[in-house]
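Residue numbers begin at 1 in each chain, while the letters A, B, ... track the order of the sequences.
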Amino acid sequence: MTRIFSTKVGQGTVGVLLTLTIPLAACSNAQTQASSPSGSTGLASADREGILRAAAGLTTPSLSGSFDPVKSISGCDILLGRLIFGTLITLAPDRTIKPGLVESWDVVDEKTLDLHIRANMKFHNGEVFDAKAVKAGIDRNRAKDSAYAGSLEAIVDAEAVDDKTVRIRTSRPAAGGLLATFAGREGMIPAPASIADGTLGTTPIGAGPFKVAEWRPGESMKLRRHDAYFDPDQFPYAGIDFVHLTDVAAVRNALLADNLDLGFVDLEGIDALKANPRTGAQVNTSDSAYYVNLNTSLHDPPLDNLKVRQALNYAFNRAEVAKTIFGPTAAPKWQIFPKGFPGHDPALENYYTFDPAKAKQLLAEAGYPNGFAMTMQAFPTGPSARSAEVLKSNLADIGVNLTIVPGPNMTQDYHIDKKTNAGQNWWIPRTDPTLTFLSLYGPVGVLNTSKYSNPALNDIVYGVQGSTDQAEINTGLQQASKIIVEEAREIGVAYTPSTWGYSARVGFKDGALRDYGNACTGADFSSIFIKKT
Amino acid sequence: MPIQYIVKRLISLLPVLLIVSIGIFGLTYLIPGDAAVTLAGESASPERIEAIRTELGLNEAPLVQYWTWLSGVLHGDLGTSLYMHVPVTTELLRRFPVTISLAIGALVVTIVGGLAGGIAAALRRGTWVDRLVQGGASVGIAMPSFWIALILIVVFAVNLGWFPAIGYTSISESPTGWLQSITMPSVALGAAGAAVVARQLRGSLIDVMNMDYVRTAKARGLSPRRIVAKHALKNAVMPILTLLGVQVAYLLGGTVIVEQIFGIPGVGKYIYDSVFTLDLPVVQGAVLVIALLVVLINFLVDISYGFVNPKLRQE
């Protein structure tokens with residue numbers, strides 16, 4: 001059994017790690033994060049009463065039309081959800097887990113997880129954030145009609161053991177894996193009263209660092225500090241004023257005109273922001289990626305043939321595409337996880353190095369010496385559309401005639417109606433990396449249309465879910481990634497960088513802005529402070 | 001003006017409105033994508049998508065869907081946003097003041113700019129003033145509103161800091177803030193209209209100024225200002241009235257892009273965002289209301305002919 005627990009000292013939280021049986025790398029990280037939760041750099045010059053002005057796409061509450069976590073239909077909902085509800089577990093910049101609204105946990109056994117809730121926690125409306133509320137929230141999140149019924153399917157029971165402890169039992173060894181899952185939308189717990197009175201969709205009340213002060217749908221949202229939040233240093237400012245801006249050029253102009261402090265911008269706007277003394281810009285690596293999904297046609301010739309799928313991979317010059325189309329900071333996608341993230345395997349880099357001759361040879365060995373014709377749905381505009389054109393050209397060189405079918409509706413046209421042999425996709429990884437495998441390549445994955453699934457892959461992924469050893473988890477993710485690469489289940493394109501612009505008012509605790517991968521999932525607002533003027 | 005004339009004109013609008021409603025309903029079928037898929041979420045099963053499609057009535061025949069929608073519209077119900085779960089009518093009422101204030105601002109730019117430029121060019125025909133107005137008008141017509149908007153932002157928001165690059169302040173909140181927030185969008189939206197009006201008025205006024213009654217007025221010793229204001233402009237402005245009717249349609253349509261660039265939460269931005277989220281009731285309802293407005297404004301322009309020109313009234 002492994003246990004991590006933290007004690008409250010002054011205003012900060014000091015974590016103490018007690019390793020009883022298995023060293024827990026994730027918890028070590030958590031302990032480090034918790035002992036200095038907000039970093040130290042620059043905090044002395046922080047304006048704690050300042051308001052951050054940020055851009056976000058608030059067409060609706062994110063995209064789902066409801067703040068209610070269980071009605072979430074988009075990964076983008078996590079941007080506001082993290083700030084309003086908080087999450088039971090949180091993610092460190094390197095995607096390892098650390099305490100969130102729960103201060104510690106016990107993985108009692110492979111099928112039992114105890115969550116220990118922080119003391120003196122309250123929801124925005126004053127209700128106590130206790131085990132009863134967390135149990136009710138988890139039960140609601142895993143209910144059949146919830147958006148997370150799939151990702152929490154392993155849970156069979158949640159029990160409030162006492163005021164501060166919730167015990168979760170799973171049907172299979174998945175207790176450890178749930179921790180990462182609870183760092184996502186699955187770990188958001190609304191106030192019981194807001195559920196009971198049916199106002200949660202429009203008036204979200206959580207226990208996160210900020211409460212909603214004003215919301216003008218499609219226009220703006222004002223968040224203000226929740227004084228009962230457990231770590232006042234985590235977000236050392238009084239609030240965030242979001243404005244709804246989805247146009248990156250408008251965001252750039254607003255930053256340059258000093259109407260904004262933070263926003264996602266386009267690569268083209270970086271130079272102007274860096275050149276202006278009032279603004280700055282930063283490009284971060286990301287685990288969000290474009291790739292070509294080949295799942296649908298795995299049972300149909302010619303894509304049922306491994307050598308054909310490998311040939312397509314060898315024929316595609318992804319390194320050049322990443323650099324020239326997605327920018328110098330983009331990385332070619334060779335495997336499931338990029339460099340610097342858990343599960344990345346250096347041995348898989350350059351696995352399918354551009355080699356048209358080898359591609360032709362593989363095609364010939366597969367019985368297609370003269371190539372064949374296939375179709376691929378692709379995004380109609382933007383860099384992804386241009387990368388599809390390069391793929392078409394590359395495949396033409398080995399005799400494969402690729403017809404591109406432009407269309408944004410990948411789920412319907414490709415995954416459900418199977419209108420094309422391949423489909424270009426953009427994947428935003430979940431906080432729990434195993435969900436990537438289960439969704440895309442698992443036996444019941446909703447995006448694995450063919451339902452083909454390698455039993456070895458499933459064993460590894462379920463093994464990862466049952467583990468709490470970060471080294472073991474990392475090895476498992478690497479093995480799973482290797483299977484996908486070797487089976488050529490996809491044609492990786494590029495990990496897209498996230499590009500941020502900021503005003504001179506903004507400072508960064510650790511010297512740089514952290515983010516969650518893209519404009520949709522947002523910046524890590526705990527990495528920011530506002531400078532005193 | 002005979003009341004029968006107005007009633008007759010109003011009745012003649014009904015088939016136009018019917019055709020407009022069919023067009024708007026049909027156009028939404030051309031938007032790529034499936035609202036049920038979007039609503040179901042990224043991890044939805046085919047069964048869930050099908051259930052939503054049934055719930056929204058998307059499996060019904062197009063004619064049935066059209067009739068259901070039209071029946072609601074006739075009862076003042078434009079439907080409910082698929083995402084916000086807010087009645088489209090409610091949201092439009094909230095946003096229309098924003099768009100209307102922007103459109104009025106743009107109309108002021110169009111009329112004031114167009115009249116001033118057109119009169120100055122016509123009265124100073126062949127001089128540098130004429131050439132300047134004509135050159136400016138050509139540029140104004142050639143440059144799209146989004147381009148003008150970006151230039152205005154760079155010059156007046158980024159470099160000079162006189163106006164905000166984004167956002168909208170309501171007049172009740174701060175009259176000066178309101179003026180600041182709509183000045184640049186109004187200029188961006190109204191510049192092309194001002195250019196068209198200036199060119200049209202110049203030509204029209206030059207023709208009128210060569211007419212006998214103007215020469216007679218000159219011979220009687222009336223001042224040039226009185227001749228233009230009292231006599232010439234009244235006749236020269238007739239084609240401009242027609243033009244303004246068209247311009248209003250252009251202005252309302254133009255708000256879709258201009259509101260997006262300036263981050264103004266009006267009807268245009270509502271439509272823009274709803275197209276991307278496939279919020280069909282919003283797209284249908286908002287476009288229908290704008291179309292109704294355009295039809296109504298053109299009707300008013302028709303009626304106004306009678307007031308400006310008594311001859312038309314008698315006909």
Side-chain angles (χ1 to χ4, degrees), chain A residues 55 57-61 63-66 71-75 77 145 147-151 201-202 216-220 243-247 249-260 272 276 278 380 406-413 415-417 428 430 435 439 444-447 449, chain B residues 31-46 48-50 52-53 80-86 91 94-95 98 146 149-150 152-154 156-168 257 259-266 269-270 272-274 276-279 282:
Chain A
L58 301 180
T59 304
T60 61
L63 274 173
S64 305
S66 171
K71 291 184 180 166
S72 170
I73 59 169
S74 165
D77 292 338
D145 56 350
Y148 319 119
S151 48
T202 53
R216 297 181 182 180
E219 183 179 346
S220 61
V243 290
H244 174 229
L245 283 178
T246 50
D247 181 47
V251 173
R252 184 180 67 224
N253 290 330
L255 284 162
L256 291 168
D258 197 24
N259 299 141
L260 264 188
N276 192 312
R278 292 196 306 240
N409 197 352
M410 195 66 59
T411 304
Q412 179 70 42
D413 293 341
H415 290 297
I416 297 173
D417 294 342
I428 303 170
R430 308 302 184 254
L435 294 181
S439 297
V444 293
V446 289
L447 298 179
T449 319
Chain B
I31 299 175
D34 184 331
V37 172
T38 315
L39 268 181
E42 55 204 14
S43 302
S45 63
R48 172 79 182 136
I49 292 170
E50 194 53 33
I52 291 177
R53 192 172 285 124
T80 301
S81 163
L82 299 178
Y83 295 91
M84 307 292 292
H85 307 295
V86 172
E91 194 60 16
R94 195 176 73 85
R95 289 169 179 263
V98 179
F146 75 85
L150 291 175
L152 290 173
I153 287 171
V154 169
F156 295 104
V158 174
N159 291 331
L160 296 173
W162 291 356
F163 300 101
I166 54 160
Y168 174 80
I257 298 300
E259 286 182 1
Q260 182 69 13
I261 292 171
F262 287 98
I264 293 175
K269 194 163 185 291
Y270 193 36
Y272 184 95
D273 294 335
S274 301
F276 279 92
T277 54
L278 289 177
D279 201 339
V282 173

> Can you list the residues that meet the side-chain hydrogen bond (donor to acceptor under 3.5 Å, both in side chains) rule with Q260(B), with sequence neighbours excluded?
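If we apply the side-chain hydrogen bond (donor to acceptor under 3.5 Å, both in side chains) test to Q260(B), skipping adjacent residues, the hits are T246(A).
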> Which value, rounded to the nearest 0.5 Å, describes the distance between K269(B) atom NZ and E219(A) atom CD?
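Between K269(B) NZ and E219(A) CD, I get 8.5 Å after rounding to 0.5 Å.
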> Do R216(A) and R94(B) have side chains that get closer than 4.5 Å, going by heavy atoms?
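Side chain of R216(A) against side chain of R94(B), heavy atoms only: contact under 4.5 Å found.
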> If you take all heavy atoms of H244(A) and D273(B), which pair is closest and at what distance?
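Result for this residue pair: CE1-OD2, 2.8 Å.
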> Would you give the length of the straight line joining atom OH of Y272(B) to atom CG of D247(A), rounded to the nearest 0.5 angstrom?
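Going from the OH atom of Y272(B) to the CG atom of D247(A) covers 6.0 Å.
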> Identify which part of L150(B) has an atom lying under 4.5 Å from any heavy atom of chain A, answering side chain, backbone, both or neither.
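L150(B) touches chain A through side-chain heavy atoms alone.
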> Can you say whether I166(B) sits under 4.5 Å from chain A via the side chain, the backbone, both, or neither, judging by heavy atoms?
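Answer is both: backbone and side chain atoms of I166(B) are under 4.5 Å from chain A.
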> Tell me which donor-acceptor pairs under 3.5 Å the side chains of residues 250-259 of chain A have, and how far apart each pair is, sequence neighbours excluded?
residue: R252(A); atom: NH1; partner: D266(A); partner atom: OD1; Å: 3.3
residue: N253(A); atom: ND2; partner: A249(A); partner atom: O; Å: 3.1
residue: D258(A); atom: OD1; partner: R53(A); partner atom: NH2; Å: 3.2
residue: N259(A); atom: OD1; partner: A165(B); partner atom: N; Å: 2.6

